[in-house]
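Structure, as structure tokens:
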Amino acid sequence: MTDSPTLLAGSWRAAADGRWLDVLNPADQREVVGRVPALSAAEIAEAYDAAETAARVWRSTGALERGAILSKAAQILRERRDAIATDLVREMGKTLAEATGEVAKTADFFEYYGALARTPQEYGLADARPDTTVSVRREPVGIVVAITPWNDPLLTPARKLAPALAAGNAVLLKPATETPLVSLHLARALVDAGLPPGTLSVITGRGQDVSAALLGDRRLAAVTFTGSNDVGRTIAATLRPGVRLQTELGGKNATVVLGDADLDLALATVCAAAFGQAGQRCTATSRLILDRPIAAEFIDRLRTAVAALRLGPGLDPATTMGPVVSRGQQKTVLDHIGAAVAAGARLVHGGNAPTAEPLAHGCYVEPTLLADVTPAMAIWRDEVFGPVLAIVEVDGFDAACAALNDSAFGLSASLFTRSLAAAHRFLDRADTGQVAVNLPTSGWDVHHPFGGFRESGSAFKEQGVEGLAFYTRVKTCALRFA
Ligand code: NAD
């Protein structure tokens with residue numbers, strides 16, 4: 001176990017009062033993987049002081065040089081891929097293959113926004129007045145707070161940091177309490193790439209403990225938050241008027257399989273999207289809507305596929321599904337399953353935590369299939385965020401769309417069909433920010449705009465060119481030159 005100082009106001013620091021937070025291994029709760037400082041309000045104020053100065057320096061650094069630093073950070077992340085992926089597995093629990101993919105995609109974010117810094121950010125407009133030009137510019141908003149969850153602890157900070165920094169802002173990153181270590185790898189890559197001191201601070205500490213100092217500072221311009229709806233609501237209620245807020249919240253993503261679908265493709269895709277990363281992806285498939293004529297066969301084949309998943313520690317090459325992130329999350333997931341069975345759902349597979357050694361020391365939940373679910377059940381409506389798939393049967397396309405959209409969430413949806421008409425209609429009718437046909441609910445690339453509708457998100461998309469809008473404000477400039 002090592003102590004990991006955090007990046008605070010331009011230097012690597014322990015907390016002044018010597019308080020540390022343990023990071024536990026989800027695959028074996030007896031192992032403390034590392035410790036990070038629990039920062040105080042005074043230290044967060046220091047991060048703001050440094051960010052205030054750094055934001056001016058970074059903004060005037062120029063887009064090309066900012067882009068070059070982000071591109072260099074991408075290269076450094078790729079060089080350090082194996083070490084970072086190993087730490088990611090040890091603090092979060094996902095498999096090494098999943099973690100390695102996450103490092104690669106994180107590097108892609110910095111490469112993409114590093115290059116995007118070269119694209120035009122300004123355009124000219126006509127003006128009726130003599131000898132006058134008008135230009136429309138985008139400028140950074142100033143100091144951004146980025147608050148991120150534990151499920152993709154490298155990728156989600158990168159999704160926010162890359163556009164925020166490309167646009168010229170300073171950032172205070174608050175990583176999840178369970179998984180702060182890889183965000184320090186990310187900070188180190190940026191510092192080594194040449195990011196000016198103070199432009200980024202990593203605010204380690206428990207959410208509730210740092211919240212007032214982090215969100216109450218008058219210098220705060222914008223908050224980008226990914227996490228639960230409850231915390232999202234708390235943050236929205238805390239911010240003073242005028243502070244911009246972007247939220248990426250919960251999901252209850254559905255896949256529809258129609259009777260005419262390629263069932264082999266649908267089966268492999270649903271299995272991977274529901275149980276990849278132990279179901280802890282915001283875009284994981286957690287609801288399955290089956291056309292009645294193929295339902296019994298599909299559930300049977302799905303049970304066989306799920307039974308073949310191999311539960312174990314993420315660093316074991318034989319593992320195909322790791323643990324969930326913590327004991328708390330394990331209990332939450334098991335409680336959801338218990339309540340669903342009590343409400344009348346049929347347990348087709350899984351449903352328990354393994355009790356044999358050595359898995360009993362980890363936060364494992366068996367991959368779980370629940371059939372005979374009805375739309376009234378909590379398992380159909382509430383986010384579980386674990387390896388649990390709830391299944392309903394419907395009669396045809398219209399009933400499938402109605403079941404899909406009967407949700408407070410609107411993050412991602414997918415359909416399996418061979419009908420061109422059904423495919424087009426589905427893209428139109430799905431009330432979700434991401435929608436796919438013959439593809440998983442997950443798997444969106446760094447240049448694809450990303451974000452949910454209704455209770456899953458906010459007006460600002462992340463990723464792609466759209467992702468820059470949140471981190472910039474528009475200035476309209478008129479100039480009479482004679
Ligand atoms: P969470 O809401 O508990 O925590 C998210 C972050 O907020 C953490 O860094 C936490 O420390 C911090 N936090 C907690 N209380 C705070 C407060 N009062 N003030 C400021 N910060 C505070 O979420 P989680 O359990 O870490 O992550 C799982 C959730 O994230 C799920 O609901 C999942 O759907 C959601 N998620 C959404 C997306 C998306 O893009 N829509 C992506 C990934 C995860």
Side-chain angles (χ1 to χ4, degrees), residues 21 23 26 36 38-39 41 44 91-94 102 145-160 172-180 182-183 202-217 220 223-239 243 245-253 277-286 324-333 336 363 382-386 407-412 432-434 441-444 448-458 460-463 467:
L21 292 172
V23 179
V36 295
L39 297 181
I44 294 167
E91 71 172 346
M92 190 278 164
K94 63 182 69 178
E102 184 168 342
V145 161
I147 304 178
T148 54
W150 42 258
N151 62 314
D152 289 320
L154 191 67
L155 189 64
T156 310
R159 181 186 281 147
K160 299 175 185 308
L172 273 57
L173 169 65
K174 156 70 185 90
T177 317
E178 296 85 349
T179 54
V182 288
S183 62
V202 182
I203 308 301
T204 49
R206 291 186 207 290
Q208 306 93 308
D209 299 347
V210 300
S211 189
L214 192 59
L215 301 177
D217 197 289
L220 172 60
V223 177
T224 173
F225 171 77
T226 299
S228 63
N229 288 63
D230 283 351
V231 175
R233 269 188 290 272
T234 304
I235 290 172
T238 306
L239 296 179
V243 177
L245 177 62
Q246 175 183 57
T247 53
E248 294 292 352
L249 305 171
K252 195 76 191 175
N253 312 300
Q277 226 166 276
Q280 301 166 113
R281 283 196 182 109
C282 54
T283 51
T285 304
S286 57
V324 299
V325 73
S326 63
R327 280 278 183 237
Q329 190 63 14
Q330 182 190 37
K331 181 178 180 322
T332 302
V333 175
H336 277 290
C363 310
D382 298 343
E383 185 182 49
V384 176
F385 219 60
S407 171
F409 298 111
L411 185 53
S412 188
T432 54
Q434 316 295 126
T441 49
S442 53
W444 305 94
H448 300 157
F450 179 85
F453 293 163
R454 296 175 290 126
E455 290 193 23
S456 288
S458 66
F460 292 102
K461 282 270 193 189
E462 298 200 277
Q463 303 193 167

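Order of appearance sets the numbers: ligands from 1, and atoms from 1 within every ligand. Below, all heavy atoms of this structure are taken into account, side chains as well, without hydrogens, waters or symmetry copies.
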Ranked by distance from atom 44 (C) of ligand 1, the top protein heavy atom is Asn151 OD1, 3.5 Å
Among protein heavy atoms, which sits nearest to atom 2 (O) of ligand 1, and what does the distance come to when rounded to 0.1 Å? Ser228 OG, 2.6 Å
Should the proximity of Phe385 to ligand 1, defined as any heavy atom under 4.0 Å, be assigned to the side chain, the backbone, both, or neither? side chain
Write out the residue and atom name of the closest protein heavy atom to atom 12 (C) of ligand 1, then the distance separating them to 0.1 Å. Ile147 CG2, 3.7 Å
Could you tell me, atom by atom, which parts of ligand 1 come under 4.0 Å of a heavy atom of Phe450? 40 (O)
Name the closest protein heavy atom to atom 41 (N) of ligand 1, giving the residue it belongs to and the distance to 0.1 Å. Leu249 O, 2.7 Å
Close side-chain approach of Ser326 to Trp150, heavy-atom, < 4.5 Å: no
Quick one: CZ on Arg281 to CG on Leu155, what's the gap to the nearest 0.5 Å? 10.0 Å
Checking heavy-atom distances from atom 32 (O) of ligand 1 to each of Glu248, Arg281, Lys174, Glu383, the winner is Glu383
Contact atoms of ligand 1, heavy-atom distance to Phe225 under 4.0 Å: 2 (O), 5 (C), 6 (C), 7 (O)
Of Val145, Thr204, Thr148, the residue whose pairing with Leu173 passes side-chain contact (heavy atoms from CB on, under 4.5 Å): Thr148
Under a 4.0 Å heavy-atom limit, does Leu214 contact ligand 1 with its side chain, its backbone, both, or neither? neither
If we only count heavy atoms from C-beta on, is the Leu411 to Lys252 side-chain gap below 4.5 Å? no
So, does Ala176 sit close enough to ligand 1 that a heavy atom of it is under 4.0 Å from the ligand? yes
Quick one: look at Leu411 and ligand 1, take heavy-atom pairs under 4.0 Å, and tell me if it's side chain, backbone, both or neither. side chain
Looking only at protein heavy atoms, which one is nearest to atom 9 (O) of ligand 1, and what is the separation? Thr148 O, 2.7 Å
Can you measure from CZ (Phe385) to CG (Asn151) and round to the nearest 0.5 angstrom? 3.5 Å
Does an N or O anywhere in Arg206 fall below 3.5 Å from an N or O of ligand 1? no
Taking NZ, NE, NH1 and NH2 as the nitrogens, is one of them in Lys94 or Glu102 under 4.0 Å from a carboxylate oxygen of the other? yes
Nearest 0.5 Å, what's the CD-OG distance between Glu383 and Ser456? 8.0 Å
Near Cys282, which atoms of ligand 1 are under 4.0 Å from a heavy atom of that residue? 36 (N), 37 (C), 38 (C), 39 (C), 40 (O), 41 (N), 42 (C), 43 (C), 44 (C)
Among all the protein's non-hydrogen atoms, which is closest to atom 14 (C) of ligand 1, and how far away is it? Val231 CG1, 3.7 Å
Quick one: does any side-chain atom of Gln280 pair with a main-chain N or O of Val325 as donor and acceptor, under 3.5 Å? yes
For atom 25 (O) of ligand 1, find the nearest protein heavy atom and state the residue, atom name and distance (0.1 Å precision). Trp150 NE1, 2.9 Å
Protein heavy-atom contact under 4.0 Å for atom 7 (O) of ligand 1? yes
Ligand 1 atoms in contact with Thr177 (distance to a heavy atom under 4.0 Å): 11 (O)
Check whether the side chains of Thr226 and Glu248 place a donor and an acceptor atom closer than 3.5 Å, and report yes or no. no
Taking Gln434 for the side chain and Pro449 for the main chain, is one N or O donor matched with an acceptor at less than 3.5 Å? yes
For atom 29 (C) of ligand 1, state which one of Gly227, Gly251, Gly232 supplies the nearest heavy atom. Gly227
Do Asn253 side-chain atoms and Cys282 backbone N/O form a donor-acceptor pair below 3.5 Å? yes
Are Gln277 and Asp152 side-chain neighbours, meaning at least one heavy-atom pair lies under 4.5 Å? yes
Who's the nearest protein heavy-atom neighbour of atom 17 (C) of ligand 1, and how far? Ser211 OG, 3.6 Å
Quick one: does Pro180's side chain get under 4.5 Å of Val202's, heavy atoms only? no
Numbering as shown, the atoms of ligand 1 that approach Pro175 to under 4.0 Å (heavy-atom distance): 9 (O)
